[in-house]
Amino acid sequence: MFSLFTAVKPEYHLLAAYIRIGHKYRINYLVSQCMAYLKNHFTNDFDIARNLPTYCPANMNDVEAIGVINLARLIGEVSLIPHAILTCCTVLTGEQIVRGFEDKEHGIREVLSDEDLDLCYKATQRLIATNLRITFRLYPFEPAPNCRSRLACKMRSSRDAMSEQSLDHMATCDPFSARIPDSLLCAECQKLFKERDREERRKEWLKLPSTLGIEVEGWPTQ
């Protein structure tokens, strides 16, 4: 099947132009191919999202997640919005979220609607709370059944829970980035910790739309 973006990493202004033209003149394949490209990044799949190297696709600036939200609203593709809001809350400053950015190619300033500004404001608090809930479920950490140094691993994990790195991680707005277990834990406990960490974050990912206060048809729930 022909694809516009097989070998090209489009910049935001090009995607926005294609989507707006396709929407206005009902060129459905143009809109659908742009949406498919964006959905590869602003995904509803936890494992894909967890392994993305950057918050926005190549050739896009993080602040352009604001434009992705606006495009999603324009064509009614709400499935893009949770991950785009997560991006805004995690990597943008409050000023960037409020001021938006200038699309110099088209001479317009992309800003969020009052409704989506309110969503971002509330989401920041809710995402931090989600991160804290995950941490409280991870600790106290119970060593792996076949751990040969249970007392040592339990003490090390307790110390790790209160480390400066741990506290910094808890205070972020991204509850879906993996937490690195203490390197002094035995191999079995490190493996178990990573598995528990992944599953606790997956559970919260499945609830992300309701956490943000929006409805997304088709968002996975299990």
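Keep in mind that what you see is a predicted model, and the values were worked out from it rather than measured.
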Please tell me whether [X] and [Y] are part of a single hydrophobic cluster in this structure, the criterion being side-chain heavy atoms less than 4.5 Å apart.
X: I180; Y: F141; answer: no
X: V111; Y: V98; answer: no
X: Y139; Y: M162; answer: no
X: I108; Y: L14; answer: no

Rounded to the nearest 0.5 Å, how far apart are [atom1] of [X] and [atom2] of [Y]?
X: R202; Y: I134; atom1: CZ; atom2: CD1; result: 12.5 Å
X: L15; Y: H13; atom1: CG; atom2: NE2; result: 9.0 Å
X: C88; Y: Y55; atom1: SG; atom2: OH; result: 12.0 Å
X: R150; Y: C186; atom1: CZ; atom2: SG; result: 9.5 Å
X: F176; Y: E204; atom1: CZ; atom2: CD; result: 7.0 Å
X: L92; Y: I85; atom1: CG; atom2: CD1; result: 12.0 Å

Please confirm whether the backbone N or O of [Y] pairs with a side-chain atom of [X], one donor and one acceptor, at under 3.5 Å?
X: S163; Y: R159; value: no
X: S210; Y: K207; value: yes
X: T90; Y: T87; value: no
X: R109; Y: R99; value: yes
X: Q96; Y: T93; value: yes
X: R156; Y: L185; value: no
X: N51; Y: D47; value: yes

- Query: Do L112 and N70 pass the side-chain contact (heavy atoms from CB on, under 4.5 Å) test, and can you show the C-alpha distance, the side-chain angles, and the key distance before you say yes or no?
  - Reply: CA-CA 7 Å; L112 292 174; N70 291 338; 4.1 Å; yes
Do [X] and [Y] come close enough that some side-chain heavy atom pair is under 4.5 Å?
X: K194; Y: P181; result: yes
X: L71; Y: R20; result: yes
X: L80; Y: M35; result: yes
X: P175; Y: L86; result: yes
X: V216; Y: N44; result: no
X: V31; Y: I75; result: yes

- Item | Remaining members of hydrophobic cluster (4.5 Å side-chain criterion), I48 |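 In the cluster with I48 are L52.
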Does the distance from a Lys or Arg side-chain N to an Asp or Glu carboxylate O, for [X] and [Y], drop under 4.0 Å?
X: E188; Y: R148; answer: no
X: E200; Y: R133; answer: no
X: R201; Y: D197; answer: yes
X: E199; Y: R196; answer: no

- Y121 atom OH, over 12 foreign heavy atoms within 6.0 Å: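 At most 12 heavy atoms, drawn from other residues, nucleotides or ligands, come within 6.0 Å of this atom.
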- Query: Counting heavy atoms not belonging to K122, are there more than 12 under 6.0 Å from its NZ?
  - Reply: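 Open: at most 12 neighbouring heavy atoms sit under 6.0 Å from NZ of K122.
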- Query: Can you list every pair that meets salt bridge (charged side-chain N to carboxylate O under 4.0 Å, His left out) and has a residue in residues 65-91, with sequence neighbours left out?
  - Reply: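 Only K39-E77, R73-D116 qualify under salt bridge (charged side-chain N to carboxylate O under 4.0 Å, His left out).
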Using every non-hydrogen atom in the two residues, find where [X] and [Y] come nearest and quote the distance to one decimal.
X: C34; Y: Y18; value: SG-CB, 3.4 Å
X: L138; Y: F193; value: CD1-CZ, 4.3 Å
X: C120; Y: I97; value: CB-CG2, 4.2 Å
X: I81; Y: I214; value: CG2-CD1, 3.9 Å
X: A144; Y: L192; value: CA-CD2, 3.5 Å
X: C56; Y: F42; value: SG-CZ, 3.9 Å

- Should H23 and L74 be marked as a side-chain contact (heavy atoms from CB on, under 4.5 Å) after you check the CA-CA gap, both sets of side-chain angles, and the distance that decides it? CA-CA 8 Å; H23 178 70; L74 174 68; 3.9 Å; yes
- Message: We want to know whether E110 and Y12 form a side-chain donor-acceptor pair, criterion being a heavy-atom distance below 3.5 angstrom.
- Response: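 Result is yes, a qualifying pair exists.
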- Query: Parallel, tilted or perpendicular: which fits the ring planes of H83 and H41, with parallel below 30° and perpendicular above 60°?
  - Reply: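 H83 vs H41 ring planes: parallel.
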- Query: Can you pull the side-chain hydrogen bond (donor to acceptor under 3.5 Å, both in side chains) pairs that have at least one residue in residues 58-68, sequence neighbours excluded?
  - Reply: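 Qualifying pairs, neighbours excluded: none.
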